[in-house]
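This one's a predicted model, so the numbers in the text were calculated from it and none came from an experiment. Keep in mind that the numbers below use all heavy atoms, side chains included, and drop hydrogens, waters and symmetry copies. Position 1 is the first residue of the sequence, and the numbers go up from there.
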Amino acid sequence: MSNLVQVDIAESTATEAIAVLPEIHALFPEILENRRWFHAHPELSFEEVKTAAHIVEILRSYGIEEIHEQVGRTGVVALIRGTAPSASGESLCIALRADIDALPITETATVDYASKNPGAMHACGHDGHISELLAAAKVLHHERDQFSGVVKLLFQPAEEGYGGAREMIKDGCLEEGRLGPRVDEIYGIHLWTVNKLGEVACEVGPVMAASDKFCIEVRGSGGHGAAPQFTVDAIVEAATLVTSLQTVVSRSVDPLESAVLTCGTIQGGYGYNIVADHVTISGTCRSFTKETQERVKRRMHEVCCGVAHMYGGSISMDYQYGYPATVNSYPACNEVVATAATPFVGATRAKLPQRTMGAEDFAYYLEERPGCFFFVGAALPGDARPHHKSVFDFDERALLVGASIFVQLVRNKLRV
């Protein structure tokens, strides 16, 4: 690929040169315009009506006609069908996914494209995911006569905790039917401000954790604060429980495995001189494997029973399974990503390891089809602007890298 265009990496976190496809580089002003429009007009999960409408408007302006709306409630599926004959007589369907929802955060960043919707913000890069997939779509549609097979574009709602991927799957986005042919492989990008610009991480195995919720009800017997001997103090019971739960990971999980148990809220009590009879604790558990997930759940239940018995109260736990772990189970698909990324960032930076205890509903796609979920470094220089924070932002030059990888990935898989 001798015709690649060098990216200006001045005032960036990049440590080495970055080159991208000329077709994508030429679209950079449009990519920025799209990203900043979506950033300024965020919509929460399953409320992405204007977001979806704008995506459809842009796709149609590119000449893409096979578009399906209200998939997975507020998602969009678009098809780009290659017109070149397949040398083997067989053709693949490759799905590329971008999540489109925002978070319930009020933005405090002082940028020209800040959110115009109070209480909603693109604080996880989904605005970038949309714009880089749109850019890839424009290029791929233009060169559809050079490949066989089908590219299925998934603009998915409600990734942020509401399982939009599950709804898309229920509506048939992966199957043969009204939404096109059966998907053979699926790929997704997460812009990642933990990694430097020009870094691509596509580790084999689990890359994002299973995310579960729990709610614990601690019950005692209330009374006067001056006469605790006649009570079962639910606050003392709960305090012991919180500290005891911290031993679940440290003493019940293999040190070579990973797990998190966080008590995020604790609520209880009525007044300074009243012994509380009820405390509620809620939190999250994270794990990479089913075995660790079940071990943590079982030990939590045992600790709850033990603390309740010790104090003479009662403790009940409601444990809710959330997103499963996002697992890249197909090394060949990871190689597809690394091969596509290498011309742009070099072999060393094209296949970096990256795991996080954050969660992603892309996991549901990978339970159904081969594929790869990978991270594209997007860190800005200076103070950290992490995901899910009101000042979140990323280096928009990362969009050139992500869009180029999407295009090159499809070229490598489908071009004749």
Side-chain angles (χ1 to χ4, degrees), residues 45-46 103-104 158 160-164 166-167 206 208-255 257-326 357-361 363-364 367 388:
S45 298
F46 292 129
L103 284 157
E160 296 290 357
Y162 291 87
R166 194 168 49 223
E167 297 303 310
M208 299 192 80
S211 173
D212 302 334
K213 300 177 183 178
F214 63 85
C215 183
I216 298 173
E217 302 290 342
V218 180
R219 297 191 179 276
S221 178
H224 201 292
Q229 70 273 26
F230 300 120
T231 71
V232 175
D233 192 332
I235 287 181
V236 174
E237 191 178 357
T240 300
L241 178 61
V242 169
T243 55
S244 297
L245 286 173
Q246 301 312 302
T247 67
V248 170
V249 173
S250 66
R251 288 297 176 266
S252 298
V253 173
D254 186 334
E257 294 291 331
S258 297
V260 171
L261 192 166
T262 295
C263 295
T265 71
I266 181 166
Q267 298 173 326
Y270 309 105
Y272 79 98
N273 62 346
I274 302 171
V275 173
D277 60 2
H278 180 217
V279 173
T280 300
I281 303 167
S282 68
T284 185
C285 295
R286 306 295 173 103
S287 55
F288 284 133
T289 68
K290 190 69 175 176
E291 293 74 19
T292 299
Q293 182 184 44
E294 292 303 319
R295 177 182 288 271
V296 168
K297 179 185 175 183
R298 184 181 70 252
R299 285 295 295 136
M300 288 179 68
H301 176 73
E302 291 169 352
V303 169
C304 286
C305 290
V307 171
H309 180 74
M310 180 169 63
Y311 283 99
S314 66
I315 300 176
S316 61
M317 180 177 72
D318 177 26
Y319 191 99
Q320 300 176 12
Y321 295 107
Y323 293 168
T326 302
M357 299 308 283
E360 239 290 346
D361 71 350
Y364 293 114
E367 289 184 335
H388 290 217

List the atom of [X], the atom of [Y], and the distance in Å for their closest heavy-atom pair.
X	Y	answer
Asp318	Gln320	OD2-NE2, 3.0 Å
Gly164	Phe46	CA-CZ, 4.2 Å
Leu245	Cys263	CD1-SG, 4.0 Å
Phe288	Met208	CE2-C, 3.6 Å
Ala359	Tyr323	CB-CD1, 4.2 Å
Ile235	Gly269	CD1-CA, 4.3 Å

Point to revise | Between Thr262 and Thr284, a side-chain donor and acceptor under 3.5 Å | key: no

**Study point:** Min side-chain heavy-atom separation Ile266-Val279 under 4.5 Å
**Key:** yes

Report, one line per pair, each donor and acceptor closer than 3.5 Å where one atom sits in a side chain of residues 210-222; sequence neighbours left out.
residue : atom : partner : partner atom : Å
Ser211  : OG   : Arg286  : NE           : 3.3
Ser211  : OG   : Arg286  : NH2          : 3.4
Asp212  : OD1  : Gln293  : NE2          : 3.3
Asp212  : OD1  : Gly322  : N            : 2.9
Asp212  : OD2  : Gln293  : NE2          : 2.7
Asp212  : OD2  : Tyr319  : OH           : 2.8
Glu217  : OE1  : His278  : NE2          : 2.4
Glu217  : OE1  : Thr280  : OG1          : 3.0

Point to revise | Set of salt bridge (Lys or Arg N to Asp or Glu O under 4.0 Å) partners for Arg299, sequence neighbours left out | key: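 Arg299: salt bridge (Lys or Arg N to Asp or Glu O under 4.0 Å) contacts with Glu302.
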
Exercise for review: Check salt bridge (Lys or Arg N to Asp or Glu O under 4.0 Å) between Glu167 and all other residues, then give those that pass, not counting sequence neighbours.
Suggested key: Lys170

Exercise for review: Could you tell me whether Tyr162 atom OH has more than 12 heavy atoms of other residues or ligands within 6.0 Å of it?
Suggested key: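 For Tyr162, atom OH is not crowded (no more than 12 foreign heavy atoms under 6.0 Å).
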
Donor-acceptor check, side chain of [X] to backbone of [Y], threshold 3.5 angstrom: yes or no?
X	Y	value
Thr243	Ala239	yes
Tyr270	Ala276	no
Ser287	Thr292	no

**Study point:** Stepwise salt bridge (charged side-chain N to carboxylate O under 4.0 Å, His left out) test for Glu294 and Arg298
**Key:** CA-CA 6 Å; Glu294 292 303 319; Arg298 184 181 70 252; over 6 Å; no

Practice item. Keeping to residues at least two apart or across chains, list the salt bridge (Lys or Arg N to Asp or Glu O under 4.0 Å) pairs with something in residues 228-253. Key: none

Could you go through residues 304-316 and list every donor-acceptor pair under 3.5 Å that involves a side-chain atom there, pairing it with any protein atom two or more places apart or in another chain?
residue : atom : partner : partner atom : Å
Tyr311  : OH   : Thr240  : OG1          : 2.6

Under 3.5 Å, which donor-acceptor pairs do the side chains of residues 224-232 form with other protein atoms, sequence neighbours left out?
residue : atom : partner : partner atom : Å
His224  : ND1  : Ala226  : N            : 2.9
Thr231  : OG1  : Pro228  : O            : 2.8

Review point. Are Cys285 and Lys297 close enough, and set up right, to give a side-chain contact (heavy atoms from CB on, under 4.5 Å), and what steps lead you there?
Key: CA-CA 9 Å; Cys285 295; Lys297 179 185 175 183; over 6 Å; no

